There are 2 protein chains.
Amino acid sequence: MVEKPQIPSQQPASAEPPGPPRSSAPTSADVARQAGVSRATVSYVLNNTSAVRISEPTRRRVHEAARELGYVPHAAARSLRAGHTRIVLMPAPDVPVGTLYSGFLNEFQWALSRFDYTAVQYGSVGVGGDDAARAWAELRPVAVLAPAGMGRRGIGILQRSGARAVITLGAEPVEGAHALIADHRAVGRVAAHHLRERGHRRIGVLMPREEGLDAFAVPRLAGVRETGVEAVALPVAYDEENAAQVVAHIRELGLSAVFAYNDEYAMLLMRALQDAGVAIPDDVAVVGADDLMLGRLLRPRLTTVRLALPSGQELAEFVDRLVRTPPAGPEIRDVLDASLVRRESA
Amino acid sequence: MVEKPQIPSQQPASAEPPGPPRSSAPTSADVARQAGVSRATVSYVLNNTSAVRISEPTRRRVHEAARELGYVPHAAARSLRAGHTRIVLMPAPDVPVGTLYSGFLNEFQWALSRFDYTAVQYGSVGVGGDDAARAWAELRPVAVLAPAGMGRRGIGILQRSGARAVITLGAEPVEGAHALIADHRAVGRVAAHHLRERGHRRIGVLMPREEGLDAFAVPRLAGVRETGVEAVALPVAYDEENAAQVVAHIRELGLSAVFAYNDEYAMLLMRALQDAGVAIPDDVAVVGADDLMLGRLLRPRLTTVRLALPSGQELAEFVDRLVRTPPAGPEIRDVLDASLVRRESA
DNA sequence: TTGAAAGCGATACCAG
DNA sequence: CTGGTATCGCTTTCAA
């Protein structure tokens, strides 16, 4: 690289006029200069440090200068110095997600911000397992909601990187981490229990072929089986043609009831059943899940399983407690509440 | 600092035995010590610095040590030194979002990671305007997808904080920033244009009362009006009772067609119309939007407006170009493509 | 080929 | 009450 001959003595006297225009953001040093104080003082004033008393006029000058320059503290520098961040990392959902979960996420983020945490959703797409864990660990989050797929190794990486709370989110706990259990077997159990009471002993269970839905569909099927009813898995794609085939299959097998995975698949199935002249619920009973509005609009009205998550506020408190006073052992919490909404279709 | 008398030869043979247990994460210095090299060498090896050649045995020792210690670089330190980050910040959606947008987000994040950016969704809930902008700026993102609500001031803050590309996402451009225009008027226009062709001159437009949906509903209504058809705004809540009232209103007004905001509201409306004995499309025609699967399941099948966004890949390239070679002026891009899907309901 | 050391920006000691 | 200054972990000249 060519040495550019510098003429150092020719610096203009005024604060920041011509010359190379400010390319990057102003630092606390700039604010200090502008206010005529030291960097330390700037820090004290801007952080309201109570251990030290700064005179009112000085405070004003500092605030003034900060405002004028448009000073914004540098998060990286701050957390480097502090030795920790207030970042709570969570996976951005990688499958289309219902209003239940996305509503919950928003509420949770908002609640975290009340506790002065910075909620960051990190894309989990495209990197798997330990690599993802390492990428996440680089941000040195104080807490992590780890996706289901992250194994013990990944958990360990996160913990060793300084995360005070690593919380897995999935069907079952991972050793060494706290766990929020969303046990979808409960969904199948509730649906099947109802059908069983109504006299059905052998039922079909829709299994969406859609990518990423197995994670929920398989446990729901298992839940159905736990109740003792005989369950026939019926793979189905979300289109009418395939639904018609499934209906044919249902008739061949002589099934008297179907648990449809969720309300949308229930709607698909009901349409196909009705188009085939099958009466609901008399010939075939149908149960959905999620309690979407559309279930109330179907005819017959859809019997469904309503799911509920804890409030974002509750979970934010949970995270905060884990961070502030880490318990001796892992804490396990069941979070998915399933209850039957009985209408007309079953 | 007190000089600690080191007895270099007495290092225990095993990796990391007694002494004060590692409380926090290992640093590159730890790796260097373990490998018996300098921190600089560690950096060279781990970053594959091409400007400098390191012997193969040394490389191996460094990698080994890093693996053993579970070393993960500290993102904050790295970007502090580098003077910039690779963070692309975008707002986490604050309203329940359809599969269209959430699918797009995932694709986009994945595509960004192919370009070696770190996509971070930042919760936008609970902080407004300039405060949000400041909070975002603390992370020193290299690019920002700014939510619609962020004004010129916020944009400026972000830019001065060093963001190389600030891209607004909304109905109209904000001065000084690049813009991705999602002009929802086009949706209303497409729907109304079709209805107009079919002879309707005066139509109802459903306006969801749901929080946060105005942002889309209002422009869609405006789009309808642009086509010259007379539009009557019909506020509606998402429940059957209210829908029935809206139907009564529709009959009083003698409207022959309704643009239902989206497919879900269209379904609600159709149910209410049919319950009231109104024939679709003969008495009242209905057009939805979003082209959800459920539209195909309704009877009559729902005529709707399909929306399309550019691919995540495309947009990631756009962002990358803006970051690498910032153009002289702002770039404006229309991203929302609306087209009619003609079925039976209108 | 490797090491020593400067510095990125903010904070918290300890003197003055 | 305010100002120097060491420090966090990492990269990158510059010297050896």
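Convention: sequence-line order gives letters A, B, ...; per-chain numbering from 1. Model, not experiment: these values are computed from the prediction.
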According to the interplanar angle, ranging from 0 to 90°, do the rings of A:Y117 and A:F115 count as parallel (below 30°), tilted (30 to 60°) or perpendicular (above 60°)? tilted
Look at the rings of B:Y122 and B:W136 and say which category their plane angle falls in: under 30° parallel, 30 to 60° tilted, over 60° perpendicular. tilted
Between [N] ([atom2]) and [X] ([atom1]): distance, integer Å:
| X | N | atom1 | atom2 | result |
| --- | --- | --- | --- | --- |
| A:Y44 | D:dG4 | OH | P | 12 Å |
| A:H74 | D:dG9 | NE2 | C1' | 14 Å |
| A:N48 | C:dT11 | CG | C1' | 15 Å |
| A:R59 | D:dC1 | CZ | P | 10 Å |
| A:R39 | D:dC8 | CZ | C1' | 14 Å |
| B:R86 | D:dT11 | CZ | C1' | 17 Å |
| A:E56 | D:dT2 | CD | C1' | 15 Å |
| B:R78 | D:dC8 | CZ | C1' | 16 Å |

On DNA chain C, compare the nucleotides closest to B:S55 and A:A76; which residue's is nearer the 5' end? B:S55
If you look at every strand shown and take non-hydrogen atoms under 4.0 Å, does B:S28 touch a base, only sugar-phosphate, or nothing? sugar-phosphate
Using a heavy-atom cut-off of 4.0 Å across all strands, would you classify B:V37 as base, sugar-phosphate, or nothing? sugar-phosphate
Phosphate contact ([N] OP1 or OP2) by [X] side-chain N/O below 4.0 Å:
| X | N | value |
| --- | --- | --- |
| B:T41 | C:dG3 | yes |
| B:T58 | C:dT2 | yes |
| A:R81 | C:dG9 | no |
| A:T27 | C:dG9 | no |
| A:N47 | C:dA10 | no |

Please lay out, stage by stage, how B:V45 and B:H63 fare under the test side-chain contact (heavy atoms from CB on, under 4.5 Å). CA-CA 8 Å; B:V45 172; B:H63 277 123; 3.6 Å; yes
Side-chain-base donor-acceptor pair under 3.5 Å for B:R53 and C:dT1: no
Decide yes or no, distance alone: a donor-acceptor N/O pair under 3.5 angstrom between the base of D:dC10 and the side-chain of B:Y71. no
Assuming nearest nucleotide by heavy-atom distance, tell me which of B:T49 and B:A77 is located more 5' along DNA chain D. B:A77
Is it the case that atom CZ in A:R153 sees more than 12 heavy atoms from other parts of the structure closer than 6.0 Å? no
Of C:dC13, C:dG9, C:dG3, the nucleotide closest to the side chain of A:L80 is C:dG9
A:R61 bridged to A:E56 by N-O distance under 4.0 Å: no
